[in-house]
Enquirer: 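Below you'll find the structure I mean.
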Amino acid sequence: MTGDPAAQAIPGGLARALSASRLVVFLTGAGISAESGIPTFRQAMTGLWSRFRPEELATPEAFARDPETVWRWYAWRRGLVAATRPNAGHLAIAGLQRHLPASVLVTQNVDGLHQRAGSDPVLELHGNIGRSVCARDRRPVAQADGEKLPACPRCGGPVRPDVVWFGEALPAGVLEQARQAARRCDLFFSVGTSAVVYPAAELAELAAGAGATVVEINPEPTPLTRRARFHLQGPGGVMLPALLQSLEDTQRI
Ligand code: OAD
């Protein structure tokens, strides 16, 4: 044991559960990318949904009505993402995954920062803002970026970001893999998510229902907090490196 001060933020029971775990699931949300400078959705003042109306920008109806505006908004967000880097939280999850016997990373984020931090594979429940598809047949369209709405090179129809909008189904195979992992895991981390958007929020409930230890990492309480065995109340960029340190300390004993 090194007695590292960061690792001491981690309760002993959690450090033991982590080092004994057979399958760990990490579910992340916008909060894990907040320290990279990407705005979350629901935080007062800074959250995207406090400044923009989702029904005008993140629904299939909005895109059908005004595809140019929707495309421009995503181009702006793509630019924000391109200017950022993975933070200590993303890097610590990738580090934990390297130490653990088995883990599954599920994210609601579309920013690709987990992949850039070295996690692979990543189950992307809501798509990825870096990819584009034909709005008609959903086949990939390469190199569709810039401010101006591109046309599909095959059919001439509009191109859209490869993300899930309100009212749309999540990619079925990805969701099923995430559900199976949640049912089988012994430790489930919910990191940086307000835990209000379903079906993503259901994963922690599935895990808890199947007997897993649920841990929440979030500076604020959420509807999940009372079901979580541990609440690490602080930023992901502090708590996740502390967890990694505690696992390294245990493995060094
Ligand atoms: P939200 O904006 O709803 O929640 C972000 C959470 O991150 C909040 O609970 C914050 O307290 C927490 N948070 C803020 N800073 C943090 C930090 N440094 N470390 C850890 N946590 C922090 O974002 P999501 O839960 O991801 O969907 O939202 C879920 C979905 O709703 C998104 O994927 C998006 C959105 O509408 C679609 O666009 C379909």
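Both ligands and their constituent atoms are indexed starting at 1 by order of listing.
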Enquirer: Answer yes or no: does an N/O atom from T222 fall short of 3.5 Å to an N/O atom of ligand 1?
Expert: no
Enquirer: If hydrogens are left out, which of V238, N218, T40 has an atom nearest to atom 8 (C) of ligand 1, that is, the closest non-hydrogen atom?
Expert: N218
Enquirer: Give me the nearest non-hydrogen protein atom to atom 30 (C) of ligand 1 as residue plus atom name, then the distance to 0.1 Å.
Expert: V197 CG2, 3.7 Å
Enquirer: Just which atoms of ligand 1 are under 4.0 Å from any heavy atom in G29?
Expert: 26 (O)
Enquirer: Does R42 approach ligand 1 within less than 4.0 angstrom via side chain, backbone, both or neither, non-hydrogen atoms only?
Expert: both
Enquirer: Where do A195 and T222 come nearest, in terms of heavy atoms and distance?
Expert: CB-OG1, 4.0 Å
Enquirer: Which protein heavy atom lies closest to atom 5 (C) of ligand 1, and at what distance to 0.1 Å?
Expert: G192 O, 3.7 Å
Enquirer: Got the closest protein heavy atom to atom 13 (N) of ligand 1, with its distance?
Expert: G31 CA, 3.6 Å
Enquirer: Without hydrogens or angle criteria, can the side chains of D186 and S21 be said to hold a donor-acceptor pair below 3.5 Å?
Expert: no
Enquirer: So which bit of Q108 gets within less than 4.0 Å of ligand 1, heavy atoms only: side chain, backbone, both or neither?
Expert: both
Enquirer: For the backbone of V110 and the side chain of H126, can you confirm whether one donor and one acceptor N or O come within less than 3.5 Å of each other?
Expert: no
Enquirer: Aromatic rings W165 and Y74: how do their planes relate, parallel, tilted or perpendicular, breaks at 30° and 60°?
Expert: tilted
Enquirer: Do A195 and ligand 1 have an N or O pair less than 3.5 Å apart?
Expert: no
Enquirer: Within the structure, does A30 bring an N/O atom to less than 3.5 angstrom of an N/O atom in ligand 1?
Expert: yes
Enquirer: What protein heavy atom sits nearest atom 32 (C) of ligand 1, and how far off is it?
Expert: F41 CE1, 3.6 Å
Enquirer: Using a 4.0 Å heavy-atom cut-off, say whether W165 meets ligand 1 through its side chain, its backbone, both or neither.
Expert: neither
Enquirer: So which heavy atom on A207 is nearest to which on C185, and how close?
Expert: CB-SG, 4.1 Å
Enquirer: Any nitrogen or oxygen of F166 lying under 3.5 Å from a nitrogen or oxygen in ligand 1? Just yes or no.
Expert: no
Enquirer: T225 and H231: which non-hydrogen atoms are nearest, and at how many Å?
Expert: CG2-ND1, 3.6 Å
Enquirer: Decide whether the shortest distance between a heavy atom of P219 and an atom of ligand 1 is less than 4.0 Å.
Expert: yes
Enquirer: May I ask you to check if ligand 1 and I217 share an N or O to N or O distance below 3.5 Å?
Expert: no
Enquirer: Can you name the nearest heavy-atom pair linking P223 to V196, along with the distance?
Expert: CG-CG1, 3.9 Å
Enquirer: Could you tell me the separation between the CD atom of E220 and the CD atom of Q233, rounded to the nearest 0.5 Å?
Expert: 7.0 Å
Enquirer: For L123, what are the other residues in its hydrophobic cluster, where any two members join if their side-chain heavy atoms are less than 4.5 angstrom apart?
Expert: L23, V25, L27, V104, V106, L125, V164, L170, V174, L175, F188, L203, L206, V214, L224
Enquirer: H90 and S119: side-chain donor and acceptor closer than 3.5 Å?
Expert: no
Enquirer: Considering only heavy atoms of P235, which atoms of ligand 1 have at least one such atom less than 4.0 Å away?
Expert: 17 (C), 18 (N), 19 (N)
Enquirer: Starting from atom 27 (O) of ligand 1, locate the nearest protein heavy atom and write down its residue, its atom name and how far away it is, to 0.1 Å.
Expert: H126 ND1, 3.6 Å
Enquirer: Tell me, which protein residue and heavy-atom name are nearest atom 1 (P) of ligand 1, and how many Å apart are they?
Expert: S194 OG, 3.7 Å
Enquirer: Does any non-hydrogen side-chain atom of P140 lie less than 4.5 Å from one of D162?
Expert: no
Enquirer: Could you check if a side-chain atom of K148 sits within less than 4.5 angstrom of a side-chain atom of E68, using non-hydrogen atoms only?
Expert: no
Enquirer: I need the contact type for V164 against ligand 1. Using non-hydrogen atoms and a strict under-4.0 Å cut-off, is it side chain, backbone, both or neither?
Expert: backbone
Enquirer: List every atom of ligand 1 that sits less than 4.0 Å from any heavy atom of E220, numbering the atoms from 1 in the order shown and giving each element.
Expert: 11 (O)
Enquirer: Are E124 and R131 ion-paired here, with the side-chain N under 4.0 Å from a carboxylate O?
Expert: yes
Enquirer: Counting from 1, what ligand 1 atoms have a heavy atom of E35 closer than 4.0 Å?
Expert: 17 (C), 18 (N), 19 (N)
Enquirer: Which atoms form the tightest heavy-atom contact between L14 and V215, and what is the distance?
Expert: CD1-CG2, 3.7 Å
Enquirer: Give me the nearest non-hydrogen protein atom to atom 36 (O) of ligand 1 as residue plus atom name, then the distance to 0.1 Å.
Expert: W49 NE1, 2.9 Å
Enquirer: How far is atom 19 (N) of ligand 1 from its nearest protein heavy atom, and which residue and atom name does that atom have?
Expert: G236 N, 2.9 Å
